[in-house]
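To start, the structure under review is shown below, and the notes come after it.
Because the structure is predicted, anything quoted here is derived from the model rather than measured. One-based numbering, in listed order, for ligands and for the atoms of each.
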Amino acid sequence: MGVETTLVLLKPDAVQRRLTGTIIQRLEQKGLKLVGLKLMQITEDLAKQHYAEHVEKPFFPELRDFITSSPVVAMAWEGEEAVTAVRTMMGATNPLKADPGTIRGDLGLNFTMNLVHGSDSPESAERELSLFFSEGVISYDLCDKSWL
Ligand code: IDP
Ligand code: MG
């Protein structure tokens with residue numbers, strides 16, 4: 001419970017389909033706070049580290065080829081129970097099963113090209129954030145201006 005920071009990736013399909021703004025807007029409107037963001041290409045090595053739990057699964061080659069195929073937007077989002085908040089907003093892994101109102105339910109059709117990644121626990125968030133953002137880069141303090 002309490003305030004958490006979670007990793008969100010806008011996968012290559014979200015970037016290619018020009019949906020980054022739409023998805024970021026949803027997260028902002030929910031009340032989450034953007035504290036880290038970059039456009040980057042995931043290497044094969046990073047894909048293996050990030051998806052370590054899936055490396056032996058039959059779908060991994062397709063997942064790896066997709067996630068490394070073109071740039072992603074990597075972001076850190078902060079807020080009250082941010083891990084659960086983002087997972088709820090993402091919807092089920094398979095967009096065909098994801099509820100309307102969720103990002104995957106509203107915007108996706110394909111199991112691999114399912115638009116977003118969100119950490120599945122605070123422990124995963126800590127591990128994944130450290131893979132994508134160097135120590136000290138996430139800008140918590142810069143995101144709270146008392147005059148706004
Ligand atoms: P999540 O993204 O909802 O956390 P995970 O089970 O962690 O789902 O799987 C990581 C990614 O691997 C999914 O987002 C999806 O793109 C892909 N994936 C997972 N299971 C399957 C499957 O059974 N077939 C094809 N792709 C899958
Ligand atoms: Mg997962």
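Atom NZ of Lys30 has 12 or fewer heavy atoms from other residues, nucleotides or ligands within 6.0 Å. Heavy-atom contacts from other residues, nucleotides or ligands closer than 6.0 Å to CD of Glu80 number more than 12.
With sequence neighbours excluded, the residues satisfying side chain to side chain donor-acceptor pair (under 3.5 Å) with Gln49 are Asp45. Residues that satisfy the salt bridge (Lys or Arg N to Asp or Glu O under 4.0 Å) test with Lys33, not counting sequence neighbours, are Glu78, Asp144.
Protein residues lining ligand 1, listed by chain and number: Lys11, Tyr51, His54, Phe59, Leu63, Arg87, Thr93, Arg104, Phe111, Thr112, Asn114 [non-hydrogen atoms, distance under 4.0 Å].
Among residues at least two apart or in separate chains, side-chain hydrogen bond (donor to acceptor under 3.5 Å, both in side chains) pairs with a member in residues 87-110 are Arg26-Asp106.
Between His54 and Phe59, the ring-plane angle classifies as tilted under the 30° and 60° cut-offs.
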